Amino acid sequence: MIPVLHLVMLAVILGVSFITIFLMVFERDLLKMIVLSAAQSTFYAIVLYILLVPDVVLAYIAVAVGIYTALLMFAVKKTERFEEA
Amino acid sequence: MMGIGEVFWLYIWLIIMANMGLAIYGLIMRPNILKKIACLTVLADTSFIVLAFIGYRFKYPVSPYIMTNWAPNNATITHFISESVDPLPPTLTITAVVINLSITILLVFLAIRLYEVYGTLDVKKIAMIKKELRGGEK
Amino acid sequence: MMFIIVSIPLYIVAFILYAIRGFRGPTVFDSTISIDALCYDVSAFMVILSVYFRSYLLLGAGILLALWAYILDVVIARYYDRLTRIGDSGGD
Amino acid sequence: MRVTGLIAAISILIVLFALAYGLVVLGISGPPAPVKLRLLGEKYLYYMINPATKYFTAESPEGVSAILWDYRGLDTLYETMVLFGAIIGAILVYREYLYSEPRKTGKIYGLSHIVRTVSKIIIWLTIIIAVAFGFTGQITPGGGFIGGAAFAVAPVLLVLVYTLGYARRLGLTHRRALLLRASFLLLLLLVIVTPLIAGGYIFQNQAKPGSAFSFPGRFIDSTPLGGSIFFLNLFELFAVAGAFTVAFILLGVIASLKEGE
């Protein structure tokens, strides 16, 4: 028996994450890119949770939601905010 | 003839590959170095998802790879194996997450250093400045 | 079990609505607040999914996401806010 | 320029769709929507806490910890080396700022009082949860790398909310964090070498044929301890936490360069 509910959840959330990554790649404001990157890592955390890898979810939440945003924010604050062209 | 499971499976793999393609596109074509670093993290995260998919089993009574019975016998181990997902791909992923973090720290520090030297993070402008410097020396 | 299966699509619709506000938000603050709310909703969804998977070992991820979801707000606040002085004899 | 971008996009698309087609339709990674387990994963799950197979067990109910620190221990050791190499490289880029004398100013700045009060609670909770991951890595999800990554959130919050001057007043300097990292890395190597001194094999956990040496497999009340897995998880936690603390102290130094601290 194939659980269709898992597949539907994965399909919908991966579709939303695709839109997030698309907007993130073509975003000119780097600060907004950081916010979209946090949204993308939240969606990926759900996907990893449905795929039943709790260790990876714990490490991934700490790293992607907690640390990458702060690291990129410091870099944006020390350098320039808007991407040319 | 594909069943509903295979159709969903193909759709999910296509989405994952499209995510990877977008990340590679941003990594190659976008000029800002911080954008390139963010795209690199997205590419790494998508590869973690691929690894988790390779170890997954599509059946409903499915459990993580952690045995809750601490004094098992042969029957409980067989029952556990019949429900558990594959433990090898998450093992390879765990260290990759942390190492990816440390490499991103290194790249961000290098990017800030590059801004101190050149005054910009746009790779095209950096190439122009380098060309001017080389022309001025000759 | 029926309650859980009914509630999962509602949560997913809520995620999509939060995501639309996060994508469209005219300013950075709108996006930040909506993504922050999305994080808290996801942590509740993870607890419900752990009931659906019948495994108490999965609960920790939801708790941790609820613990660290506010870091994004702090990051954006640190970008815009002016630092204030910490008093030597204050509450710290 | 536009033509170059179009060519790049089309070629990436062709490669990735070919990869997806091969993975799904041709079945390179196994059948689509797999229900069975692979043989290798099945063997790992069978042997990891099996009292019947005395020479193969790892005494750890969690599959990931058993593979990470027992069956594939040397891989993990080399990956740890990559991690510390990257952190050392990051330190080397900004070494002159890290070893310069900090300005002695009486004023210390930070975010507003509400954020500081909330963050004080969250920082302590983060540290407690990270250490708990290290201690219970062999029976619940968690372990050395996860505990270290969770611990790294605490210095990030410290640098974000209280700036670096407050951390220096608390006594958190990069020298102490480096000392923590180096000493726990030495303890980790000591755990790896101990069976070799006792006449066994390197990276040995439980007794193997030809060597009776074995780390304690069970705690007093028969809670699984995983032998060397428990010690390796714990030491790895503090080593990774020290390494990331150095990196984020350095980030605070960089952030305070022009911020008027």
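All of these numbers come straight from a predicted model, not from anything done at the bench. The sequence lines fix the lettering, A, B, ..., with proteins before strands; numbering per chain opens at 1.
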**OP:** Could you tell me which portion of B:Ile112 (side chain, backbone, both or neither) has an atom closer than 4.5 angstrom to a non-hydrogen atom of chain D?
**Re:** both

Original post:
Minimum heavy-atom separation for B:Phe109 to D:Ala90, with atom names?
Top reply: CD1-O, 3.4 Å

Original post:
About how many Å separate CG of B:Asn19 and CG of D:Leu16, when rounded to the nearest 0.5 Å?
Top reply: 10.5 Å

Subject >> D:Ile220, CD1 atom: more than 12 neighbouring heavy atoms under 6.0 Å >> reply: no

Original post:
Are the side chain of D:Arg38 and the backbone of B:Ile54 linked by a donor-acceptor contact shorter than 3.5 Å?
Top reply: yes

**OP:** Step by step, work out the side chain to side chain contact (heavy atoms under 4.5 Å, CB included) result for D:Phe84 and B:Ser102.
**Re:** CA-CA 8 Å; D:Phe84 291 118; B:Ser102 64; over 6 Å; no

Original post:
With respect to chain B, which residue among D:Ile139, D:Leu40, D:Val15, D:Ile91 yields the maximal number of heavy-atom pairs within a distance under 4.5 Å?
Top reply: D:Ile139

Original post:
Is chain B contacted by the side chain of D:Ala247, its backbone, both, or neither, given a heavy-atom distance below 4.5 Å?
Top reply: both

Subject >> Residue part contacting chain D, namely of B:Asn74, when any heavy atom lies under 4.5 Å >> reply: side chain

Subject >> Segment of D:Tyr46 engaging chain B (4.5 angstrom heavy-atom cut-off) >> reply: both

Original post:
Got a second to check how far D:Ile87's CD1 is from B:Ile99's CD1, nearest 0.5 Å?
Top reply: 10.5 Å

Subject >> Atom group of B:Val85 that falls short of 4.5 Å from chain D, counting heavy atoms >> reply: backbone

Original post:
So does D:Lys43 have more than 12 non-hydrogen atoms from other groups sitting under 6.0 Å from NZ?
Top reply: no

Subject >> Heavy-atom pair of closest approach, residues D:Gly41 and B:Asp86 >> reply: CA-OD1, 3.3 Å

Subject >> Heavy-atom pair of closest approach, residues D:Val35 and B:Phe58 >> reply: CG2-O, 3.7 Å

**OP:** Check whether D:Leu92 gets within reach of chain B through its side chain, its backbone, both or neither, counting any heavy atom under 4.5 Å.
**Re:** neither

Subject >> CD1-CG distance between D:Ile67 and B:Leu88, expressed to the nearest 0.5 angstrom >> reply: 5.0 Å

Original post:
So what's closer than 4.5 Å to chain B heavy atoms on D:Asn50: side chain, backbone, both or neither?
Top reply: both

**OP:** Applying side chain to side chain contact (heavy atoms under 4.5 Å, CB included), run through D:Leu68 and B:Thr95 and close with a yes or a no.
**Re:** CA-CA 9 Å; D:Leu68 201 65; B:Thr95 48; 4.2 Å; yes

Subject >> Atom group of D:Ile146 that falls short of 4.5 Å from chain B, counting heavy atoms >> reply: side chain

Subject >> Segment of D:Leu13 engaging chain B (4.5 angstrom heavy-atom cut-off) >> reply: neither

Original post:
Side chains of B:Trp70 and D:Ser222: closer than 4.5 Å at any heavy-atom pair?
Top reply: no

**OP:** Would you mind checking which part of B:Tyr56 comes under 4.5 Å of any heavy atom in chain D, side chain (CB onward), backbone (N, CA, C, O), both or neither?
**Re:** backbone

Original post:
With a 4.5 Å heavy-atom cut-off, do D:Pro51 and B:Pro72 have their side chains touching?
Top reply: yes

Original post:
Is it the side chain or the backbone of B:Ile28 that comes within 4.5 Å of chain D heavy atoms, both, or neither?
Top reply: side chain

Original post:
Could B:Arg113 and D:Glu96 be called an ion pair, given the rule that one side-chain N must be under 4.0 Å from one carboxylate O?
Top reply: yes

Subject >> Residue part contacting chain D, namely of B:Ile77, when any heavy atom lies under 4.5 Å >> reply: side chain

Original post:
Atom CD of D:Glu42 and atom OG of B:Ser84: how far apart are they, to the nearest 0.5 Å?
Top reply: 10.5 Å

Original post:
Do you know which of B:Ile103, B:Ile94, B:Leu107 has the most heavy-atom pairs under 4.5 Å to chain D?
Top reply: B:Ile94

Subject >> CZ/D:Phe135: more than 12 non-hydrogen atoms of other groups inside 6.0 Å >> reply: no

**OP:** Go through B:Thr91 and D:Tyr44 one step at a time and tell me if the side chain to side chain contact (heavy atoms under 4.5 Å, CB included) criterion holds.
**Re:** CA-CA 12 Å; B:Thr91 310; D:Tyr44 280 136; over 6 Å; no

**OP:** Would you mind telling me which of D:Thr76, D:Val82, D:Thr80, D:Val93 has the largest number of heavy-atom pairs within less than 4.5 Å of chain B?
**Re:** D:Val93

Subject >> Residue part contacting chain B, namely of D:Tyr71, when any heavy atom lies under 4.5 Å >> reply: neither

Subject >> Enclosure of D:Phe56 CZ (heavy-atom neighbours >12, cutoff 6.0 Å) >> reply: no

Original post:
How long is the gap from CE on B:Met67 to CE on D:Met48, to the nearest 0.5 Å?
Top reply: 4.5 Å

**OP:** Rounded to the nearest 0.5 Å, what's the gap from OG on D:Ser65 to OH on B:Tyr65? Could you check?
**Re:** 8.5 Å

Subject >> chain B contact via D:Thr223 - which portion, at a heavy-atom distance below 4.5 Å >> reply: both

**OP:** Taking the side chain as every heavy atom from C-beta outward, state whether B:Val97 and D:Phe145 have any atom pair closer than 4.5 Å.
**Re:** no

